[in-house]
Trainee: 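Before I ask anything, let me first share the structure, which is written out below as structure tokens.
Along the sequence shown, the residues carry numbers beginning at 1. This is a predicted model, so every value here is computed, not measured.
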Amino acid sequence: MISLVKTLKAIKNMLEKAEVMDVLWENPSPSASFSSQSISVSGDYNEYVIVTNGYTTETAYSSFRLKRGESVNHCSVSIGENNSNNFWCNRRRFASSGVGSSHVISVGGGVYKSQGAPSPAYSDAAEVPVRIYGVRKLGGK
């Protein structure tokens with residue numbers, strides 16, 4: 001016979017790992033340049049999932065997790081089409097800060113580097129944020 005206590009502990013462990021994701025912000029112009037700015041979001045979440053588009057002329061989305069109070073340099077790579085030998089690395093810095101339910105995601109300026117260029121180029125068309133989700137653990141951790 002299966003122990004009721006064992007079953008309840010297993011359910012509790014599963015719930016502690018389960019997550020809820022809510023859309024907190026959407027870019028109204030995801031295919032346009034995006035200048036460096038701060039985005040106000042709810043601080044009632046353990047971490048945030050940020051979806052970006054590598055470059056405004058593409059639809060190459062990627063995502064990453066950003067914990068409260070941390071910052072990340074997020075990069076994605078674009079490879080030229082039609083047998084092109086070129087590729088680019090696109091980057092932006094994202095930082096999470098705030099106290100209590102008041103929170104901000106700071107988005108730095110876009111930068112890209114192509115394989116043949118000696119230095120990076122600054123462009124607000126690189127690594128454009130598309131959507132921000134708040135992630136809450138059901139177990140509260």
Side-chain angles (χ1 to χ4, degrees), residues 1-82 84-141:
M1 176 186 298
I2 297 177
S3 161
L4 178 60
V5 173
K6 234 182 198 179
T7 302
L8 291 174
K9 282 183 181 179
I11 291 170
K12 179 182 177 270
N13 288 339
M14 287 180 4
L15 287 174
E16 285 176 350
K17 294 176 185 175
E19 300 175 334
V20 174
M21 287 180 48
D22 299 318
V23 176
L24 302 180
W25 176 85
E26 287 193 78
N27 186 338
S29 302
S31 59
S33 292
F34 190 87
S35 62
S36 175
Q37 59 189 274
S38 293
I39 301 168
S40 294
V41 295
S42 171
D44 298 332
Y45 295 89
N46 305 91
E47 58 188 7
Y48 302 91
V49 171
I50 301 175
V51 178
T52 62
N53 186 16
Y55 209 79
T56 56
T57 56
E58 301 177 350
T59 52
Y61 298 133
S62 62
S63 65
F64 65 98
R65 287 184 176 242
L66 179 65
K67 290 184 179 179
R68 283 180 61 97
E70 293 188 352
S71 60
V72 168
N73 281 328
H74 179 65
C75 300
S76 67
V77 176
S78 300
I79 299 173
E81 294 184 22
N82 301 326
S84 168
N85 291 327
N86 208 358
F87 64 89
W88 304 262
C89 182
N90 308 302
R91 177 183 60 81
R92 270 192 203 251
R93 183 170 184 77
F94 294 83
S96 159
S97 62
V99 177
S101 62
S102 176
H103 208 76
V104 170
I105 304 291
S106 299
V107 182
V111 180
Y112 71 91
K113 172 93 171 61
S114 66
Q115 98 192 49
S119 344
Y122 297 89
S123 172
D124 288 337
E127 212 57 38
V128 173
V130 174
R131 196 171 301 110
I132 298 175
Y133 295 92
V135 180
R136 183 180 10 245
K137 304 277 186 188
L138 288 179
K141 294 180 183 179

Trainee: Can you check whether Ile132 reaches Ile50 side chain to side chain, under 4.5 Å on heavy atoms?
Mentor: yes

Trainee: Could you grab the distance from atom CZ of Arg93 to atom CG of Asn73, nearest 0.5 Å is fine?
Mentor: 5.0 Å

Trainee: Excluding sequence neighbours, so at least two apart, what forms ring-ring contact (aromatic ring centres under 6.0 Å, His included) with Tyr48?
Mentor: His103

Trainee: Calculate, to the nearest 0.5 Å, the distance between atoms OH and CD belonging to Tyr133 and Glu19 respectively.
Mentor: 13.5 Å

Trainee: I'd like to know if Glu47 pairs up with Lys67 as an ion pair, taking the criterion as any Lys NZ or Arg NE/NH1/NH2 lying under 4.0 Å from an Asp or Glu carboxylate oxygen.
Mentor: no

Trainee: State the CD-CG distance between Glu127 and Asn53, to the nearest 0.5 angstrom.
Mentor: 8.0 Å

Trainee: Taking Pro129's backbone N and O only, do any of them form a donor-acceptor pair with Asn27's side chain (distance below 3.5 Å, no angle check)?
Mentor: yes

Trainee: Counting only pairs under 3.5 Å, give me each side-chain donor-acceptor contact of residues 108-116, with atom names and distances, residues two or more places apart or in other chains.
Mentor:
unit_1	atom_1	unit_2	atom_2	d
Lys113	NZ	Ala117	O	2.2
Gln115	OE1	Phe87	N	3.2
Gln115	NE2	Asn85	O	3.4

Trainee: How close do Asp44 and Arg68 get, heavy atom to heavy atom, and via which atoms?
Mentor: N-NH1, 4.4 Å

Trainee: If you define the side chain from C-beta out and look only at heavy atoms, does anything of Ile105 sit under 4.5 Å from Trp25?
Mentor: no

Trainee: Where is the tightest heavy-atom contact between Ser123 and Tyr55, given as atom of each residue plus distance?
Mentor: OG-OH, 3.5 Å

Trainee: Any idea which heavy atoms bring Leu66 and Ser96 closest together, and the distance?
Mentor: CD2-CB, 3.8 Å

Trainee: Step through the shown structure and confirm whether more than 12 heavy atoms of other residues, nucleotides or ligands are within 6.0 Å of OH on Tyr122.
Mentor: no

Trainee: Measure the shortest side-chain to side-chain distance between Arg91 and Cys75 over non-hydrogen atoms and say whether it is less than 4.5 angstrom.
Mentor: yes

Trainee: Anything under 3.5 Å between a donor and an acceptor, one on a side chain of residues 29-40, the other on a protein residue two or more places apart or in another chain? List them.
Mentor:
unit_1	atom_1	unit_2	atom_2	d
Ser36	OG	Val107	O	3.1
Gln37	NE2	Ser35	O	3.2
Ser38	OG	Ser106	OG	3.4

Trainee: In Å, rounded to the nearest 0.5 Å, how long is the span from OG1 of Thr52 to CZ of Phe64?
Mentor: 6.5 Å

Trainee: Check whether any side-chain heavy atom of Arg92 lies under 4.5 Å from a side-chain heavy atom of His74, and answer yes or no.
Mentor: no

